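This is a predicted model, so every value here is computed, not measured. Throughout, protein chains are lettered first and strands after them, A, B, ... in sequence-line order, and every chain is numbered starting at 1. Below, all heavy atoms of this structure are taken into account, side chains as well, without hydrogens, waters or symmetry copies.
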Amino acid sequence: MDWGFILERTISTMFGVEVMVFALAAVGLNVHFGYTGLLNFGQVGFLAAGAYGLGITVTYLSWSFWIGILFGVVYSIVLALILGLPTLRLRADYLAIVTIAASETIRLLVRWRRSKEITGGAEGIGEFADPFYDVSINPFSVGVRYEFGPFSYVGRDMWVLTVGWIVLILTVLFVKRLMSSPWGRTLKAIREDEDAARALGKNAYFYKLQSLMLGGVIGGMAGMLQVIQKGSIQPDTFNPVITFTIWAILILGGPGRTWSPVIGSMIYWTLIAFLENVLRDLPEGASETLEDTIGLSDFNISQVRFMLVGLGLLLLARYRPQGIFGSREEMALDDR
Amino acid sequence: MTADQPAPAQPVNPVAGAFDGVDPEPGVPKPDPILVVDDITKHFGGLRAVDVHHLEIQRGAITALIGPNGAGKTTFFNLLTGFDRPDSGSVYLNGESITRVAPHRLASRGMVRTFQLTKALTRMPVIDNMKLGATGQIGEHFWQALLPVWRRQEAEIEAQADALLERFNLTHMRDEYAGTLSGGQRKLVEMARALMTDPTIVMLDEPMAGVNPALTQSLLGHVKSLRADGRTVIFVEHDMDVVQDISDWVVVMAEGAIIAEGRPDDISADERVIDAYLGSHHDSDLFEEFENEQANEQDNEPGSPDEHA
């Protein structure tokens, strides 16, 4: 086994596109769940809203890419209102049901044959992202591979990553500032006990709606960055597994903590890449033994690495339920 | 430990004598009512949970709402505070209707409540629990929250919160998570937090429930101090002996209706109350239970913290 090679390939994922996109999506979910206690099981719906808001504006309406970005944000807000207005007055679990259903509804609606003219149906949308790479301030050349020590990215990704990480860090700081304000204090109070907040004069419904919109817009931005990097919008990439991955990342980092979505995403994707690289580069004897005993082959390595990550999450839930950043004492206070 | 430090010195009663000319009859008018209830009803399926014909609450007094379990006290409380909607009837606060007004709007109108199951915001520090109670903090609006415009106001609120923590002997717990407090301390935090809204009328739902008897006297002292501040207090309780001590006026509920009203002495002599509320156990169970509690209290080492969480 060539550990140097394994580490080299693994380490580049640490600041890669997936880490950046999922961290941003998890920042949005952290606003929902970590700070407000909202059970949003359809975060991928917001990613889709952002992505299609951008794609439809550019290809169907033929408006500029930058107006498309604006529409991605608007679509996310509209989705938050559609989900929140009828459900946030009800018990918390109603939002959970509605969000998971809505995110699947969105996916099925955009890939529907009859919406093909607008959303591109099952084939999706392409050729909308060029203005992003053509801006004059982009210092990177598309074809060139850039290397810094162990990190290595192609020029196209370099520009997405630069913009993406700046957006991510600014968003985290923005959320941090909000959550240390009286507005954020009210959200946390609603998370702890909605009725207590209402008795003290806080309009819990309105705050929850604001929280849903804020986290939704952040999710929408993650969706836009994802499809800008891909250069195309595919409806089936917005499947529920994405939502569950975002949840895993947030729980891994520890909900309600400033940097936990970022660190959680780094750990999650680095672990996935590490396992993949190790499994693909096992010494001869080991790989044959594994193939004979559990049937491990090149075809199912990607499934096996998810199983191993799942096992890791189980162990985390057992031995460190508060996540990487959470405090055990705070967790114990939950048992009321 | 401050949890069971002695109660503040007996505060004066600013409404002493206010009830002198009032007949101990259900629905009787009061000299200066702050809260008036008319024909309020609430049904849960076929069950008539609340059916109150008329009730007036005297301004500045401590009014106890008592009754056996299932009498509809808490439901009635929820109807008054907007947490539940009545099927019919009206509630007036200072002459203005507050029927079906959302609960969060009542805080700015001067009404605040606490809960039977204490709602300390467990994963927030005590000081944040307190600061949450302040009304009108402009930093609670999304866009203002991003700018430093609320900092000065926040400092004033913090000073106010610290003063209240001092008054409730909670200063040493200021930066602890509220979830680490004992049951009695949580009751105190909830009461202190309610005062942050500067209410004219404080609604306490079973303020003594689940509290170590050693702390009860301290809590009662704090309730009396609310009256000394000029605030109106309504509290729900089912322990007759607590009621005797601190209330100016007692309202008795049974099966959703008000069956008696009067000064504490009127109530303890009232046959209807003894029949409906205390039943045949008047001289045995309830009284014995109280004596046992007092005996336990003496067994406890003085100064031991309230372990009841």
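- For B:T197, the part lying near chain A is the side chain, with the backbone staying farther off; criterion is any non-hydrogen pair under 4.5 Å.
- Taking chain A as the reference chain and counting heavy-atom pairs below 4.5 Å, the highest number among B:E190, B:M124, B:E140 is found for B:E140.
- With a 6.0 Å cutoff to the six-membered ring centre and a 45° limit on the axis angle, B:R113 does not count as a cation-pi contact of B:F77.
- Contacts of B:E154 with chain A are made by side-chain atoms alone, with heavy-atom separations under 4.5 Å and no backbone atom involved.
- Looking at B:E158, its side chain never comes within 3.5 Å of a backbone N or O of B:K131 through a donor-acceptor pair.
- A:K188 places no side-chain N or O within 3.5 Å of a backbone atom of B:L121 that could act as its donor or acceptor partner.
- For A:L187, no part lies near chain B; criterion is any non-hydrogen pair under 4.5 Å.
- Proximity of a side-chain donor or acceptor of B:Q185 to a complementary backbone N or O of B:L170 within less than 3.5 Å is not detected.
- Proximity to chain A involves both the backbone and the side chain of B:T180, based on heavy atoms less than 4.5 angstrom apart.
- Listed options B:V112, B:L146, B:I157 were ranked by heavy-atom pairs under 4.5 angstrom with chain A; first place goes to B:L146.
- In this pair, A:H32 and A:F46 present their aromatic rings tilted. The plane angle is within the 30 to 60° band.
- Remark: the backbone N or O of A:A25 is paired with a side-chain donor or acceptor of A:Q43 at under 3.5 angstrom.
- A donor-acceptor distance shorter than 3.5 angstrom exists from the side chain of B:R186 to the backbone of B:G179, with no hydrogens or angles considered.
- Counting heavy-atom pairs under 4.5 Å between each of B:T81, B:N129, B:D128, B:T135 and chain A puts B:D128 at the top.
- Most heavy-atom pairs under 4.5 Å with chain A, from the set B:A194, B:P199, B:G139: that is B:G139.
- Around atom CZ of B:R100, more than 12 heavy atoms belonging to other residues, nucleotides or ligands sit under 6.0 Å away.
- When heavy atoms are compared at a cutoff of 4.5 Å, B:P125 does not approach chain A at all.
- Looking at B:F142, both its backbone and its side chain come within 4.5 Å of chain A, counting heavy atoms on both sides.
- Within the 4.5 angstrom heavy-atom criterion, no atom of B:R109 approaches chain A.
- Only the backbone of B:A134 comes within contact range of chain A, with at least one heavy atom under 4.5 Å from a heavy atom of that chain.
- A donor and an acceptor atom, one from each side chain of A:N30 and A:R257, are nowhere located under 3.5 Å apart.
- One finds no salt bridge joining A:R198 and A:D193 here, because no Lys/Arg side-chain nitrogen approaches an Asp/Glu carboxylate oxygen to under 4.0 Å.
- In terms of heavy-atom pairs under 4.5 Å with chain B, the best-connected choice from A:T186, A:L214, A:D195 is A:D195.
- Neither the backbone nor the side chain of B:L106 comes within contact range of chain A; no heavy atoms are under 4.5 Å apart.
- With a threshold of 4.5 angstrom between heavy atoms, A:Y207 approaches chain B through side-chain atoms but not through N, CA, C or O.
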